[in-house]
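Below is one structure, written out as structure tokens; comments come after it.
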Amino acid sequence: MPESNNTVTPTHFIRQKIAADLAAGKYPEGITTRFPPEPNGYLHIGHAKSICLNFGLANEFSGRCFLRFDDTNPDRESPEFVKAIKEDVKWLGFGWSDRLRHASDYFEQLYQWAVELVENGHAYVCDLSAEEIRATRGTLTSPGSNSPYRGRSAEENLELLAQMRAGEFADGSRVLRARIDMASPNLHLRDPALYRIRHQTHHNTGDTWCIYPMYDFTHPLSDAIEGVTHSLCTLEFEDNRALYDWVLEHVSIPSRPYQTEFSRLSLEYTVVSKRLLTTLVSERVVDGWDDPRMPTLSGLRRRGYSPASLRDFCNRIGVTRNQQHVELSVLENCVREDLERTAARAFAVIRPLKLVIDNYPQDQEEFFEAANHPADPSRGSRAVAFCRELYIEHDDFIEDPPRKFFRLSPGREVRLRYAYLVTCTKVIHDEQGNVTQVHCTYDPQSRGGNPADGRKVKGTIHWTSARHSKKAQVRLYEPLFNDSQPRFSSQDDLHDSLNEHSLVTIDDAQIEPSLTEATAGNTFQFERLGYFCVDRDSAPEQMIFNRTVPLRDTWARVKPR
RNA sequence: UGGGGUGUAGCCAAGUGGUAAGGCACCGGAUUUUGAUUCCGGUAUUCCCAGGUUCGAAUCCUGGCACCCCAGCCA
């Protein structure tokens, strides 16, 4: 399926760098990238940016992209996340064919390189505790001090490292450290830990290991093993680059990758920190990782976002090193644009108001032809039932209308889309004065919505037949947070920052009968309302629709209040 | 007050010494049996600020200012 036709792929500095590298003949075999998620949570919109970048660039330049699980920390990772991540990447539209890897696949090789480091005096086993290491690291403005174990001989270190691997030491009792420079202004170079002891079962390697390599050691070497040419990551790893390069320069590697950083995505009203997302799930603030309010790919999928719309979004926001804070409207525009041409149209009334046509025969019913997609006749049409009693949207009737309101009100005439012109003759109220029903007369000469005399009617509203339509549940979503840039200092303000209207469930919406055949994941445009998607919990007898995004509503901006 | 980065419209973002692309948002107007869509038009005399170089500066130089990241045996 083509991306939206008018989108010109924007250029950006990484694409330019690759093009220049290729032009310079640096990579005769082509380029290689990788997407390296840690399987300790679900993928979110921020990952989508990285996935589109890495897989997208590889496709564009006929290179390769690895899906590599960065699984070096057994206590936070699980197969559940591995499975979900694979599904999400695939769903987004990318494939890795035989290039699926785990950093843990490389543990033995990594260990051999650690040995090489030790042999050459570039790493040592340190017996300091975590607290002691922290205390001797120095501060941002003052240098650290050398570990008393820094001077151990290569032989002794080799012996100790072997014992670490053999499980002879307790968790946290020792660590393998790079021997770099405790006075470096770059904190990452102050003898960083390379291996730590963790007697813990790993989701991929089981109990084979009780020492696990750190990210800064694993990442560059995994890149080198895979022949990654362009290792793309986010800006907060900028300082790590010096260590990335140091590692590659001190062991015998098969290829030399280079790291390039770009800024991470931040989107209005959304938070993507794994800690926070995990909290939302575990405290049941949301329905799970795929709650339609979650910024996860599975949440967006359940909300009704299409992969194409997300790819389009990632293209539009660009890739730079600026601090990026993207407005939600950009994302919303992308789905609307995609769903506008993709989604079938249907009639649904979310807040039903009964409308009775007094001059329409009690027992009569008829069917009108409604286009499935007005802009695309090839998608055909369906017959919608009509009778004396209908439901219209409560918002489409105002007893005392403001200026410029051209929907239904007493004495006014509107078009019932595809059906007839009706004029409001009477309004029924309950004891509290709420409008509970309206009565109209219809113009029999306006079948299909076109009056015989050609008079103009400004308003057209949607409706369902009370006799035929089915009740359905509709879930209306808004951002999870009130603040466009949610920030949390403690867990307590989490609940204060939540938008209490983030989910509004409506149980008595009325839908046209044809909608009953829709299945999970199908998307529709409920005319004049928005785009909706059949929820995975939906069933023919109890349909559930999630609102992906409302239609653009100029009237809402114009109307008073 | 160490090191590493970033400043172009409300939000993204091109621009690489020759006179400020584009998208979103916003504001008009046209078409419309969805107040949708579509279509036209408008929106930075100025690029964080101040100096300097140059015929010419968002682009080069100098000096400021603002914001982001780094002190896990997380990634």
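Order of the sequence lines sets the chain letters (A, B, ...), proteins ahead of strands, with each chain counted from 1.
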>> Say we look at B/rG7 and B/rA50: how far apart would their C1' atoms be, to the nearest angstrom?
In response: 16 Å

> Looking across every strand, which nucleic acid part, if any, lies under 4.0 Å from A/Asp70 by heavy atom: base, sugar-phosphate, or nothing?
Replying inline: sugar-phosphate

> Using atom P of each nucleotide, how far apart are B/rG35 and B/rC69 to the nearest Å?
Replying inline: 45 Å

>> Need one value for A/Leu421: base, sugar-phosphate or nothing, where a base atom within 4.0 Å counts as base even if backbone is also close, heavy atoms only.
In response: nothing

>> Nearest heavy atom decides the nucleotide; on that basis, is A/Leu331 or A/Ser263 closer to the 5' end of RNA chain B?
In response: A/Ser263

> Given the side-chain rings of A/Phe69 and A/Phe81, with only the six-membered ring counted for Trp, is the space between their centroids under 6.0 Å?
Replying inline: no

> For A/Arg190, which contact category applies under a 4.0 Å heavy-atom criterion: base, sugar-phosphate, or nothing?
Replying inline: nothing

>> Measuring from the side chain of A/Arg198 (C-beta onward, heavy atoms only), which nucleotide among B/rC12, B/rC74, B/rU34 has the closest atom?
In response: B/rC74

> Going through the checks in order, is the side-chain contact (heavy atoms from CB on, under 4.5 Å) test met by A/Asn54 and A/Leu232?
Replying inline: CA-CA 7 Å; A/Asn54 281 293; A/Leu232 313 178; 3.5 Å; yes

> Expressed as a whole number of Å, how far does the C1' atom of B/rG17 sit from that of B/rA57?
Replying inline: 7 Å

>> Just the rounded figure in Å: distance from C1' of B/rG72 to OH of A/Tyr195.
In response: 18 Å

> Under 4.0 angstrom, heavy atoms only, what part of the nucleic acid is A/Phe406 near: base, sugar-phosphate, or nothing?
Replying inline: base

> Yes or no on side chain to side chain donor-acceptor pair (under 3.5 Å) for A/Tyr215 and A/Asn240, after CA distance, side-chain angles and deciding distance?
Replying inline: CA-CA 10 Å; A/Tyr215 166 85; A/Asn240 298 246; 6.0 Å; no

>> Side chain of A/Val175 only, heavy atoms from C-beta on: which candidate in B/rC73, B/rG35, B/rA14 is closest?
In response: B/rC73

> Considering only side-chain heavy atoms of A/Glu340, which listed nucleotide, B/rU37, B/rA71, B/rG15, is closest?
Replying inline: B/rU37

> If you measure from the P atom in B/rC68 to the same atom in B/rG28, how many Å do you get, rounded?
Replying inline: 37 Å

> When all nucleic acid strands are considered with a 4.0 Å heavy-atom cut-off, which category describes A/Phe405: base, sugar-phosphate, or nothing?
Replying inline: base

>> Looking only at the side chain of A/Leu140 (C-beta and beyond, no hydrogens), which of the listed nucleotides B/rU34, B/rC73, B/rC70 gets closest?
In response: B/rC70

>> Applying a 4.0 Å non-hydrogen cut-off, can you work out what A/Pro143 is touching in the nucleic acid: base, sugar-phosphate, or nothing?
In response: nothing

> So which nucleotide from B/rA25, B/rG35, B/rA75 ends up closest to the side chain of A/Arg552?
Replying inline: B/rA25

>> What is the separation between atom CG on A/Asp239 and atom P on B/rG72, rounded to the nearest whole Å?
In response: 14 Å

> Nearest of B/rA75, B/rG5, B/rC12 to any side-chain atom of A/Leu235?
Replying inline: B/rG5

>> Using a heavy-atom cut-off of 4.0 Å across all strands, would you classify A/Asp171 as base, sugar-phosphate, or nothing?
In response: nothing

